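Below is one structure, written out as structure tokens, with a few remarks after it.
Values reported hereafter were calculated over all heavy atoms of this structure, with side chains retained and with hydrogens, waters and symmetry mates removed. The shown structure was predicted, so the numbers you read here are calculated from the model rather than taken from an experiment.
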Amino acid sequence: MSVMDDRAAFEEKKRRQALALAQDQRLFADAIDMLHAADKYDYSYLWSWMGVPIIQLPADIITTQEVIWATKPDVIIETGVARGGSVLFMASILELIGKGKVIGVDIDIRAHNRDTVDHHPMAKRVILIEGPSTDPTTLAKVRAEIPAASAVMVVLDSDHSRDHVLGELRSYGPLVTQGCYLVAADTVLGHLDPDQTPRNRSKVCFRGNEPLSALEAYLKETDRFEIDPVINGKLILSSSPGGYLRCRKEA
């Protein structure tokens, strides 16, 4: 009995459905309401990767895995290390690919979190750099860790205030190479009403002073990036809708 190879058709249907989902504003609003309700239980803090808290929503974890696997970068830079789960997660995907490293940048890498990363099986693919992410000295250290001709991806997930994120976009955007992704995390804050904005954070960022506003400003300054309509189309129940940018051309 012959069975038709439907792999291409399956992928095409996924693409169409993601684009259609992006148009469903009612469903997106319902998802925002659900995330707001779930935040009462610190929903984004409940997950871990290989035993380490990752502080990401499941949709964003899967999406980040998809773009890493599709583009296979040699270097991934993430600003905002927190407890280390995210850099270790991305390092584990690079381990499966068989190459690459993750550079984690944070203004304050606490000793116990560094210890967690340093003693993890994926530590061999992680470099931690402590310092303000946009400081010239920090940026010089980051650049020194990028081998020549590397394919580079960047994830921005530190201080979520508009001016800081815009500064990171301007500092790290030029490091992203053609075909790879620049991810601005927590763009969902730009979709929240004041009464929906999470308060149990080290810094509270209301609409207008958050990553989405920074991203919109940055995209007016450069034509190197485009919002991936398929990836972002399916990002409901996500902290970063609209935050996955594909690099169209070299700097």
Side-chain angles (χ1 to χ4, degrees), residues 6-47 49 54-71 86 89 93 153-157 160 162 165 169 179-201 204-220 222-248:
D6 68 344
R7 287 174 292 182
F10 185 87
E11 293 300 320
E12 175 57 22
K13 184 176 181 180
K14 279 171 52 181
R15 188 190 71 83
R16 293 197 311 269
Q17 290 288 65
L19 294 173
L21 176 57
Q23 303 305 312
D24 194 334
Q25 294 304 305
R26 175 62 183 273
L27 184 57
F28 184 75
D30 288 345
I32 292 290
D33 288 341
M34 194 173 98
L35 287 175
H36 170 59
D39 190 63
K40 172 183 177 182
Y41 305 98
D42 294 331
Y43 184 64
S44 63
Y45 289 77
L46 303 182
W47 310 95
W49 185 267
I54 190 169
I55 315 181
Q56 299 281 345
L57 295 178
D60 300 301
I61 296 169
I62 292 297
T63 302
T64 301
Q65 170 273 143
E66 285 189 3
V67 300
I68 294 172
W69 188 260
T71 60
S86 187
F89 153 65
I93 305 302
M153 172 178 169
V154 167
V155 179
L156 304 177
D157 193 12
H160 295 313
R162 178 191 182 278
V165 176
L169 288 164
C180 287
Y181 281 76
L182 170 61
V183 182
D186 282 273
T187 48
V188 72
L189 293 170
H191 297 280
L192 302 182
D193 293 331
D195 64 333
Q196 296 174 312
T197 299
R199 300 300 205 279
N200 55 339
R201 303 290 190 271
V204 178
C205 295
F206 293 100
R207 183 186 293 175
N209 180 35
E210 29 66 26
L212 182 60
S213 296
L215 191 58
E216 291 171 345
Y218 182 64
L219 288 174
K220 293 177 181 177
T222 179
D223 64 351
R224 292 189 64 234
F225 295 96
E226 60 185 359
I227 296 174
D228 185 317
V230 175
I231 288 291
N232 289 286
K234 58 191 177 184
L235 285 182
I236 60 171
L237 300 176
S238 160
S239 67
S240 306
Y244 284 76
L245 307 183
R246 184 170 48 214
C247 184
R248 299 170 57 244

Donor-acceptor pair, E210 side chain versus G208 backbone, under 3.5 Å?
-> yes
Interatomic distance, Q56 atom CD to S238 atom OG [nearest 0.5 angstrom] = 9.0 Å
d(I236 CD1, L57 CG) to nearest 0.5 Å is 12.0 Å
Tightest non-hydrogen contact, residues L192 and P198, listed as CD1-CD, 3.7 Å
Value for CG (L182) from CD (E226), rounded to nearest 0.5 Å, stands at 12.5 Å
Check H191 against P241 and note the closest heavy-atom contact, atom names and distance.
-> CD2-CG, 4.1 Å
R207 side chain vs G190 backbone, donor-acceptor pair below 3.5 Å | yes
Start with the C-alpha gap between E66 and T63, add the side-chain angles, then the distance that decides, and say whether side chain to side chain donor-acceptor pair (under 3.5 Å) holds.
-> CA-CA 5 Å; E66 285 189 3; T63 302; 5.5 Å; no
Y244 and T64: side-chain donor and acceptor closer than 3.5 Å?
-> yes
Backbone N or O of R162 within a donor-acceptor pair of the N209 side chain at under 3.5 Å?
-> yes
CD1/I227 to CG/L219 distance, rounded to the nearest 0.5 angstrom?
-> 5.5 Å
To the nearest 0.5 angstrom, please state how far the CG atom of D228 sits from the SG atom of C247.
-> 12.5 Å
Quick one: sort the Y218 and F225 rings into parallel, tilted or perpendicular, breaks at 30° and 60°.
-> tilted
Over all atoms of both residues, closest heavy-atom pair of L21 and K234 = CD2-CA, 3.6 Å
Compare every heavy atom of D24 with every heavy atom of L27, then report the nearest pair and how far apart it is.
-> N-OD1, 3.0 Å
Show your working on side chain to side chain contact (heavy atoms under 4.5 Å, CB included) between L169 and L215 and close with a plain yes or no.
-> CA-CA 8 Å; L169 288 164; L215 191 58; 4.2 Å; yes
Supply the atom-to-atom distance S240 OG to I231 CD1, rounded to the nearest 0.5 angstrom.
-> 12.0 Å
Donor-acceptor pair, side chain of D39 and main chain of L35, under 3.5 angstrom | no
